2 protein chains.
Amino acid sequence: MLEQGYGALTSRSVAERIGLRHQLVYYYFQTMDDLVIATFRRHMDRFMQRLEDALKSERPLHAYWEVSANPPHGALAKEFMSLANHNEQIRGEMAAYGERSRRLAVESLSGRLQKVAPEPEVFTPYAILMAINSMALVMTFDSSLGISSGHVEMRQLVEWCLRRLEPEPVSPVQQLA
Amino acid sequence: MLEQGYGALTSRSVAERIGLRHQLVYYYFQTMDDLVIATFRRHMDRFMQRLEDALKSERPLHAYWEVSANPPHGALAKEFMSLANHNEQIRGEMAAYGERSRRLAVESLSGRLQKVAPEPEVFTPYAILMAINSMALVMTFDSSLGISSGHVEMRQLVEWCLRRLEPEPVSPVQQLA
DNA sequence: GTCTATACACCGATAGAC
DNA sequence: GTCTATCGGTGTATAGAC
């Protein structure tokens with residue numbers, strides 16, 4: 001699926017990879033759709049775990065940016081997005097995961113964001129996080145296409161904002177100095 | 001392709017739509033791939049035309065945002081993106097169109113952006129335009145999935161920034177007053 | 001669990017009649 | 001230009017032997 005698109009994810013192609021007959025797929029999964037759903041869930045669960053870990057780190061906002069901008073498989077995410085276009089179940093699950101991950105990020109970051117954001121009426125936690133997320137997503141998509149122009153500048157812009165919103169923590173040693 | 005994904009774009013499905021036999025596709029296009037490429041080019045050429053028109057308007061930055069955030073077919077764009085994952089020709093053309101459209105926008109907007117941007121070292125024209133573009137793209141993708149949480153807030157954030165960067169033009173009548 | 005055998009539909013593409 | 005006929009290949013899925 002990653003290499004050749006969701007159209008290439010067939011019972012025969014799966015079976016060939018593991019050196020078995022294609023009929024075995026229907027023994028473990030009832031239909032090909034079930035296999036796709038299971039794959040999608042495993043993929044998303046891994047991402048959610050990474051996200052949770054990032055949000056627990058010392059600089060969660062920076063970590064959120066890093067996790068968003070460096071997903072394990074940008075091309076795979078695109079493939080699932082297309083699948084969602086015409087698979088109702090995938091679409092529903094993807095929407096649910098998306099909302100959940102955003103809620104998780106907002107809940108754990110809104111406290112510190114509200115304190116430091118300029119123009120709090122405009123720069124709400126949700127808006128800030130979505131902006132970060134959007135830029136990360138586009139950079140990922142671009143990269144998998146082979147586009148990289150403007151990435152350095154956009155990355156600098158994001159990281160400049162991040163430093164404002166979440167300054168480097170001062171260690172006790174530095175405080176003494 | 002829009003309704004059921006690129007996997008459903010077959011010579012037979014195309015022929016059925018126009019009430020002819022599927023073999024005709026190979027008369028007009030040599031292969032199915034050629035048809036896909038031609039469709040992609042027509043799609044992108046339309047978008048480029050819309051973009052050019054927007055950049056010629058009175059408030060080009062606002063128009064750029066509107067064009068980016070309201071593409072004719074968000075789902076179709078996603079489908080082409082997936083196609084690009086495993087079709088080298090589509091990938092190359094998409095990259096070229098992407099770079100071209102960004103260059104076009106930067107060239108026609110960098111003049112006025114450089115004048116008004118705060119922290120010009122960070123808020124370069126390219127970075128600003130890519131940020132706008134990124135948020136527009138994600139809102140489009142979200143919408144086609146059925147996600148809309150956070151959109152109002154992000155839209156307000158973008159439009160607040162846009163008003164700062166490109167204030168409403170003052171008409172001669174208003175100037176008199 | 002893994003296999004063989006098989007049904008049935010659909011795909012891209014070509015050849016050749018009209 | 002549009003058609004009929006046809007090829008070989010691949011897809012999902014089921015039945016049943018071992």
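On a predicted model such as this, the values are computed, not experimentally measured, just so you know. Protein chains get the first letters and strands the later ones, always in sequence-line order, with residue 1 at the start of each.
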Nearest-0.5 Å distance that lies between atom CZ in B/Arg155 and atom CG in B/Leu162: 10.5 Å

If you measure from CE on B/Met48 to OG on B/Ser101, what distance do you get to the nearest 0.5 Å? 5.5 Å

Using whole Å, what does the distance between atom [atom2] of nucleotide [N] and atom [atom1] of [X] come to?
{"X": "A/His22", "N": "D/dT10", "atom1": "NE2", "atom2": "P", "answer": "12 Å"}
{"X": "B/Asp34", "N": "C/dG12", "atom1": "CG", "atom2": "P", "answer": "13 Å"}
{"X": "A/Phe29", "N": "C/dG1", "atom1": "CZ", "atom2": "C1'", "answer": "15 Å"}
{"X": "A/Tyr26", "N": "D/dA15", "atom1": "OH", "atom2": "P", "answer": "14 Å"}
{"X": "A/Asp33", "N": "D/dT12", "atom1": "CG", "atom2": "C1'", "answer": "11 Å"}
{"X": "B/Ile18", "N": "D/dC3", "atom1": "CD1", "atom2": "C1'", "answer": "14 Å"}
{"X": "A/Leu9", "N": "D/dT10", "atom1": "CG", "atom2": "P", "answer": "17 Å"}
{"X": "A/Leu24", "N": "D/dT14", "atom1": "CG", "atom2": "C1'", "answer": "14 Å"}

Determine the interplanar angle of the B/Trp160 and A/Phe123 rings, folded into 0 to 90°, and report it as parallel if under 30°, tilted if 30 to 60°, perpendicular if over 60°. perpendicular

Fit a plane to each ring of B/Phe80 and B/His43, take the angle between them on a 0 to 90° scale, and name the class: parallel (under 30°), tilted (30 to 60°) or perpendicular (over 60°). tilted

Between A/Tyr26 and A/Thr31, do the side chains contain an N or O donor and an N or O acceptor separated by less than 3.5 Å? no

Are A/Ser149 and B/Tyr126 linked by a side-chain donor-acceptor pair shorter than 3.5 Å? yes

Given [options], identify the nucleotide with an atom nearest to the side chain of [X].
{"X": "A/Arg21", "options": "D/dT6, C/dC3, D/dT2", "value": "C/dC3"}
{"X": "A/Tyr27", "options": "D/dA13, C/dG1, C/dG12", "value": "C/dG1"}
{"X": "A/Tyr28", "options": "D/dA13, C/dG1, C/dT14", "value": "C/dG1"}
{"X": "A/Gln23", "options": "D/dT12, C/dT4, C/dT2", "value": "C/dT4"}

Counting the benzene-type ring for Trp, do B/Tyr6 and B/His86 have ring centres under 6.0 Å apart? yes

Could you list by number each residue of residues 10-17 of chain B showing a heavy-atom separation from DNA chain C of less than 4.0 Å, or answer none if no residue does? B/Thr10, B/Ser11, B/Arg12

Apply salt bridge (charged side-chain N to carboxylate O under 4.0 Å, His left out) to the pair B/Arg46 and B/Glu52, showing each step before the final yes or no. CA-CA 10 Å; B/Arg46 280 186 194 156; B/Glu52 281 181 39; over 6 Å; no

Those residues that, when tested against A/Asn87, pass side chain to side chain contact (heavy atoms under 4.5 Å, CB included) (two or more places apart): A/Asp33, A/Gln89, A/Ile90

Short heteroatom pairs, N/O only, protein and nucleotides 16-18 of chain D, under 3.5 Å:
none

